Chemist: 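For reference, the structure I am asking about is given below.
All of these numbers come straight from a predicted model, not from anything done at the bench.
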Amino acid sequence: MPSAGLSPRRAVQLAALLALAVFYTAQLAGALLPNVPVFVAASLAGLALDLYLTHRQPGLLALLGKVRFDVTTRQLLRDMLIVIGLVRIPDVPPDIERPLTLLLLAAYAAHFLCQAVAQLVRRTRTLPVVTRNIDASALRLTPAPPRLLARQPSRRLLRFSIPGALGLMLSAGLSAEAWGLIGVSLSFLLSFGSAIHLGTWLLPKKRPASEQKVLDWLDAWLAEYKPTVGMYFSGGTTSAYQANMWLSTLAELDGRPLIVLRERFMVQKIEATDVPIVCIPKVAHLMQLEHSALRVLLHPANSGKTSQVLRIPSIKHAFINHGESDKLSSCNPYAKAYDQVWVAGEAARERYQLAEVGVDDRDVVEVGRPQLAPIEPYAGPPTGPYTTVLYAPTWEGWDGNPGNTSVVLAGENIVRALLADPGVRLLYKPHPMTGSVDPRAGAADHRIRAMIEQANAGRNGERPGAAATAELERCTAELDRTTTAAFRSSADELERMRVQGTPEEGRSARVDAALEAWENAYWASLPEWEHQIVTGPRPAIFSCFNQADLLVSDVSSVVSDYLSSEKPYAVANTSGMTEEEFRHVFPTVRAGTVLSPDAAQVPELLESVRDPEKDTLVAARKELKVHLLGPSDPPSLARFNQAALRLGDEADARNERVARRASEIPSQRESASRGDDPDLDSTSTATDPEDAVTA
């Protein structure tokens, strides 16, 4: 039983380590005594435990690998103890040692040969670029080899060792050397045959195009497609949402859009879209874009690799951010590296002026927030028996400022006050990075979830019938089918490129329809009285907005986005400021209710949501919406599109000026042909024939 403070995962890992030590000890004892039953049982149990660990405990295996006790070492030790046991068991023929040792060495040699071939195959199948929504059949894209052979050496070694282990145990138990020789021979043949099979992927028929041919193909594709505007993105595994929120906007722009990525894994993190995607990991290859028709790159986030693409002078760069809030992080000094900074409205322009981070006001362009179109406008107070409240706190941030998130200081009080009202239905959607920096935030998040589950246990009501559940399952299957490519389990990067070629016509519209149907089915499958803990990418935050009558959040872009609906909202003040100071420092708060850490304002807030006469902030929300997000006419998408076209025109004008100046400067070859080489003295004469030839 795990001790206090020890997580179940750690307890399992410690138990597995203890069992591994016990099995090795028992195997050694059984070999030395000798005791055949103990020897056989410990040998097989150790192999079975290793097989379990490779499938269920990859973290523990990574830890063992760091101390150089990896799967090869463990299996080698296990086989060595088996050989010792067979030599010491009296009834086993004494002459088995030499052929058995030679066969085991041959089996390990075949394993390492297979691993070497697998490395070569993986290297040849790692192209300098990765694409989606592009026909790359000219690169000779072939299906991937079996994953067990090409990318799982640990599992391959253990699985191929099973015939040898069983044969050796039969030899120990039956005192017959033939079983051991047959078993080890089978293990050798499996590894050697796998190496031969993998080697076929190195033959010209299965080998993909070389690096230079791939780069030439990319140049040709760029020349044919002629992209005009692109989105550049680089980030970690959890940051893909920053790019995904801009996909629909990018697809609606005039011209030929393109998505440029830098991390290979990110290609599959981008949600369903018809926009061509090109991943270019190496900076040297990224420079290929300079010779393309691409003139504008939009940047939803800053990253260390952003500076690399900013070196391309022929492209204009605009920072569009992945969300706007009053936090200082929304005015990062990095923004001055871009040609323009696109913001939603006047509030963000003022924010940059006040921050004094080096961004020239002339480079700030107000374009609105075109991706907010799915958010439904305010339709009046709640009409049903329940008031749906969305509590969507942000995370603690890298600096650990207690004012960043309300989860630590106010989250439990807010949730407790909301749950105390029987007419409230709570939707709790924490930021996915909550607790990633400050453990206190993660602990508070767990306590909030427990409070919600306990509150649900005390509620009773009618649940949707089986038809609603069946409809959700159907919509889920349809959404997965339209948004997820059907890959084999062994598919690698190159095979995915092959499958995700030119998208089917009309796929984007089908994806939108499938997502809308899924969201409707999801909410219909939930009881209207039940509180919900919403995590994961679906349903998205905008879908939660449409369900909510009231938002409770922190100073974050969530507030700005929600304000587009003009619904009531509240912001938690855990900064230590007075309410007056809080409203003055953070403009997004000015049309909402400010909650103190004890959440004492919640009952009065709920009354104002239910009774329009008590809602005194209606006009303030309308005014602040324009200030934060800009005017509704012309539509945000139209302003965004015009900004992209104007920036593209500026790039064309700049490139024409540079080309004109370059044409006026004679090249070195032209200068030499006219005898204008400044390194040569026209009055000197060459006296040596070799000097004359050189000159």
Chemist: Would you find a donor on one side and an acceptor on the other, under 3.5 Å apart, between the side chain of T200 and the backbone of H197?
Modeler: yes

Chemist: Just how far is it from atom CZ of R159 to atom OG of S191, taken to the nearest 0.5 Å?
Modeler: 13.0 Å

Chemist: Hey, mind stepping through I82 and M169 against side chain to side chain contact (heavy atoms under 4.5 Å, CB included) and telling me if it holds?
Modeler: CA-CA 8 Å; I82 289 175; M169 292 305 99; 4.0 Å; yes

Chemist: Counting neighbours of CD on E290 that are heavy atoms of other residues, nucleotides or ligands and sit closer than 6.0 Å, is the number greater than 12?
Modeler: yes

Chemist: Please answer whether the main-chain N or O of L494 pairs with a side-chain N or O of R125 as donor and acceptor at a distance below 3.5 Å.
Modeler: no

Chemist: Between atom CZ of R56 and atom CG of L49, what is the distance when rounded to the nearest 0.5 Å?
Modeler: 13.5 Å

Chemist: Would you say R264 has more than 12 foreign heavy atoms packed within less than 6.0 Å of its CZ?
Modeler: yes

Chemist: Under a plain distance cut-off of 3.5 Å, with no hydrogens placed, do D135 and S137 share a side-chain donor-acceptor pair?
Modeler: yes

Chemist: Which pair of heavy atoms, one from D219 and one from Q288, lies closest together, and at what distance?
Modeler: OD1-NE2, 2.6 Å

Chemist: So, T228 side chain and G255 main chain: donor-acceptor pair closer than 3.5 Å or not?
Modeler: no

Chemist: Quick one: does R207's side chain have a donor or acceptor within less than 3.5 Å of a partner on T124's backbone?
Modeler: no

Chemist: Can you tell if the side chain of T73 reaches within under 4.5 Å of the side chain of R68, non-hydrogen atoms only?
Modeler: no

Chemist: Is there a side-chain contact between L51 and I162 (heavy atoms, below 4.5 Å)?
Modeler: yes

Chemist: Take atom CD in E97; do more than 12 heavy atoms of anything else shown fall under 6.0 Å from it?
Modeler: no

Chemist: Checking S43 against Q27: is there a side-chain donor and acceptor pair closer than 3.5 Å?
Modeler: yes

Chemist: Please verify the inter-ring angle class for F192 with F188; under 30° counts as parallel, over 60° as perpendicular, anything in between as tilted.
Modeler: parallel

Chemist: Checking the side chain of W246 only, and the main-chain atoms of N321 only, is there a donor and an acceptor separated by less than 3.5 Å?
Modeler: yes

Chemist: Taking S194 for its side chain and L149 for its backbone only, find out whether a donor-acceptor pair lies under 3.5 Å.
Modeler: no

Chemist: In the structure I gave you, are the side-chain heavy atoms of L286 and R262 within less than 4.5 Å of one another anywhere?
Modeler: yes

Chemist: Would the distance check show the side chain of Y24 and the main-chain N or O of A42 forming a donor-acceptor pair, the cut-off being under 3.5 Å?
Modeler: no

Chemist: Looking only at heavy atoms, which two atoms of R147 and S490 are closest? And how far apart?
Modeler: N-CB, 3.5 Å

Chemist: Evaluate the side chain to side chain contact (heavy atoms under 4.5 Å, CB included) criterion for residues Q268 and F487: first the C-alpha distance (whole Å), next the side-chain angles of each, then the deciding distance (0.1 Å), finally the verdict.
Modeler: CA-CA 12 Å; Q268 300 306 320; F487 298 130; 3.7 Å; yes

Chemist: Does some side-chain heavy atom of E473 sit less than 4.5 Å from a side-chain heavy atom of T476?
Modeler: no

Chemist: Just how far is it from atom OG of S161 to atom CG of L166, taken to the nearest 0.5 Å?
Modeler: 10.5 Å

Chemist: Taking A477's backbone N and O only, do any of them form a donor-acceptor pair with W518's side chain (distance below 3.5 Å, no angle check)?
Modeler: no

Chemist: Okay, side chain of R295, backbone of I315: is any donor-acceptor separation there less than 3.5 Å?
Modeler: no

Chemist: For the pair E177 (side chain) and V92 (backbone), establish whether a donor and an acceptor sit closer than 3.5 Å, ignoring hydrogens and angles.
Modeler: no

Chemist: If every non-hydrogen atom of A144 is compared with every non-hydrogen atom of R488, which pair is closest and at what distance?
Modeler: O-NH2, 2.9 Å

Chemist: Looking only at heavy atoms, what is the nearest atom pair of G173 and V36, with distance?
Modeler: CA-CG1, 4.2 Å

Chemist: Give the minimum heavy-atom separation between E471 and R474, together with the two atoms involved.
Modeler: OE2-NH2, 2.9 Å

Chemist: Measuring from L198:CG to L120:CG, what's the distance to the nearest 0.5 Å?
Modeler: 10.0 Å

Chemist: Is there a side-chain contact between K429 and P539, using heavy atoms and a 4.5 Å cut-off?
Modeler: no

Chemist: Do L218 and T131 touch side chain to side chain, with heavy atoms closer than 4.5 Å?
Modeler: no

Chemist: Is L47 close to Q75 at the side-chain level, that is, under 4.5 Å between some pair of heavy atoms?
Modeler: yes

Chemist: Under the side chain to side chain contact (heavy atoms under 4.5 Å, CB included) rule, what do T54 and Q152 come out as? Steps first, then yes or no, please.
Modeler: CA-CA 10 Å; T54 58; Q152 295 179 331; over 6 Å; no

Chemist: Can R498 and E495 be counted as an ion pair, charged N to O under 4.0 angstrom?
Modeler: no

Chemist: Would R496 and E493 pass as an ion pair if we require N to O under 4.0 Å?
Modeler: no

Chemist: With rounding to the nearest 0.5 angstrom, report the CD to CZ distance, Q13 to R9.
Modeler: 4.5 Å

Chemist: Working to the nearest 0.5 angstrom, can you tell me the gap between D50 CG and S154 OG?
Modeler: 9.0 Å

Chemist: So, do V229 and L258 sit near enough that their side-chain heavy atoms are less than 4.5 Å apart?
Modeler: no

Chemist: Would you say that more than 12 heavy atoms from the other residues, nucleotides or ligands in this model lie under 6.0 Å from the CH2 of W179, or not?
Modeler: no

Chemist: Walk me through it: do T306 and H317 pass the test side chain to side chain contact (heavy atoms under 4.5 Å, CB included)?
Modeler: CA-CA 10 Å; T306 301; H317 302 269; over 6 Å; no

Chemist: What is the minimum heavy-atom distance between P145 and A150, and which atoms define it?
Modeler: CG-CB, 3.7 Å

Chemist: As a test of understanding, state which of Q308, H299, K305, E263 forms a side chain to side chain donor-acceptor pair (under 3.5 Å) with S234.
Modeler: E263

